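Since the model is a prediction, treat every value here as computed from it, not as a measurement.
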Amino acid sequence: MPEEARPGTGEQAKQHALEQLRQAISRGEMAPAQRLVENELAEQFGVTRASIRAALIDLASEGLVERIRNRGSRVRVVSVEEAVAITECRMVLEGLCAAKAAVEASEEQLTELADLGTAMSKAVADGEPLTYSDLNHQLHARIREFSGQQVAVELLERLNAQLVRHRFQLALRPGRAQRSLGEHLAVIEAIRARDPQAAEAAVRAHLASVIDALGE
């Protein structure tokens with residue numbers, strides 16, 4: 001980033017560091033248990049150590065970072081048991097978003113969901129699990145967006161960021177994409193039919209399958 005574009009100090013600097021770190025962790029660019037060295041991060045993002053420290057405290061409150069006494073900070077490791085508990089919470093919130101999207105989405109937005117379903121089917125047919133995983137992520141994000149339920153959206157963003165390692169591992173598991181494709185298409189079909197009960201049930205069925213896969 002050009003030097004003049006980097007906010008060096010103050011609240012703006014903390015927010016800059018917070019957003020960059022959150023994105024890096026959420027995208028899997030920083031691995032679970034990876035040490036987060038304040039000096040290195042301050043240099044990388046062009047902010048002060050104080051800004052990095054403040055950002056790490058915020059990320060710890062979001063469950064993305066673990067601060068260890070006298071040892072600094074690291075990316076928090078989420079166990080399988082916790083991933084299951086988080087996914088159970090997602091069931092409720094994502095089911096709500098799907099039900100709301102079935103009522104609130106415009107015709108253009110419904111078409112976008114159908115197009116995503118087509119692209120996901122192609123990715124499975126072509127044997128491209130990482131492409132499928134990315135489209136899967138896009139689908140869930142669009143459903144949340146189209147729901148208009150901003151409180152649920154913000155809660156889900158925090159929950160989903162903690163699952164990045166497990167999501168990546170599931171994406172690469174043989175046969176997982178083929179199994180989940182039908183579940184996602186059922187969600188899309190129910191939303192396009194403007195059936196909120198069916199949409200919520202389809203999301204819950206899909207996430208129940210995710211929980212089963214996490215335990216395998």
Side-chain angles (χ1 to χ4, degrees), residues 18-19 21-28 32 58-66 75-106 109-110 112-114 116-117 120 132-171 176-177 179-216:
L18 180 62
E19 185 61 27
L21 285 165
R22 186 187 288 123
Q23 287 184 9
I25 295 170
S26 298
R27 293 171 181 167
D58 280 9
L59 290 171
S61 73
E62 294 179 17
L64 297 181
V65 165
E66 182 180 15
V75 179
R76 194 168 74 86
V77 177
V78 176
S79 68
V80 170
E81 292 77 15
E82 189 174 358
V84 167
I86 291 170
T87 305
E88 289 173 341
C89 293
R90 286 181 61 205
M91 266 189 179
V92 177
L93 293 168
E94 297 221 29
L96 169 63
C97 286
K100 296 279 285 185
V103 175
E104 301 293 341
S106 67
Q109 289 170 336
L110 294 179
E112 184 177 348
L113 295 182
L116 278 170
M120 292 171 79
Y132 178 84
S133 179
D134 182 57
L135 290 166
N136 175 3
H137 188 66
Q138 289 182 46
L139 175 65
H140 283 275
R142 288 293 181 271
I143 292 171
R144 293 195 298 269
E145 176 188 341
F146 298 163
S147 75
Q149 227 298 357
Q150 193 57 37
V151 173
V153 168
E154 291 173 4
L155 290 169
L156 282 164
E157 284 176 353
R158 292 180 62 169
L159 291 173
N160 286 326
Q162 298 177 53
L163 294 174
V164 61
R165 176 174 69 97
H166 295 283
R167 189 173 68 235
F168 184 74
Q169 289 176 341
L170 283 182
R176 178 61 200 162
R179 180 177 173 183
S180 73
L181 175 61
E183 298 163 4
H184 286 109
L185 294 179
V187 173
I188 293 170
E189 181 180 353
I191 293 174
R192 293 187 69 212
R194 298 202 178 279
D195 186 335
Q197 288 78 23
E200 181 173 0
V203 165
R204 283 176 170 267
H206 164 56
L207 291 175
S209 172
V210 170
I211 288 172
D212 289 342
L214 286 168
E216 291 173 358

- prompt: Any side-chain heavy-atom pair from Ile211 and Met91 closer than 4.5 angstrom?
  reply: yes

- prompt: Nearest heavy-atom pair of Ile188 and Gly117: which atoms, and what distance?
  reply: CD1-CA, 3.6 Å

message: Within the 4.5 Å heavy-atom criterion, are Glu104 and Ser147 side-chain neighbours or not?
response: no

field: Electrostatic pair Arg22:Glu19 at N-O distance under 4.0 angstrom
entry: yes

field: Arg76 side chain reached by Leu64 side chain, heavy atoms, under 4.5 Å
entry: no

query: Do the side chains of Cys97 and Lys100 get nearer than 4.5 Å, heavy atoms only?
result: no

query: Considering all heavy atoms of both residues, which atom of Gln162 and which atom of Ile86 are nearest to each other, and what is their separation?
result: OE1-CD1, 3.7 Å

- prompt: Between Ala190 and Ala102, which heavy-atom pair has the shortest distance, and what is it?
  reply: O-CB, 4.5 Å

message: Quick one, Leu163 and Arg90 - any side-chain contact, counting heavy atoms below 4.5 Å?
response: yes

- request: Indicate yes or no: at least one non-hydrogen side-chain atom of Arg176 is less than 4.5 angstrom from one of Ser209.
  value: yes

query: Does any non-hydrogen side-chain atom of Ser106 lie less than 4.5 Å from one of Phe146?
result: no

- request: Can you establish whether the number of heavy atoms outside Glu189 located under 6.0 Å from its atom CD is more than 12?
  value: no

task: Compare all side-chain heavy atoms of Pro32 with those of Val78 and state whether any distance is below 4.5 angstrom.
output: no

task: Just do the side chain to side chain contact (heavy atoms under 4.5 Å, CB included) check on Val203 and Ile143 with the steps written out, would you?
output: CA-CA 11 Å; Val203 165; Ile143 292 171; 5.6 Å; no

query: Between His140 and His184, how do the two ring planes meet: parallel, tilted or perpendicular, split at 30° and 60°?
result: perpendicular

message: Looking at Glu200 and Arg204, is any side-chain nitrogen of the basic one under 4.0 Å from a carboxylate oxygen of the acidic one?
response: yes

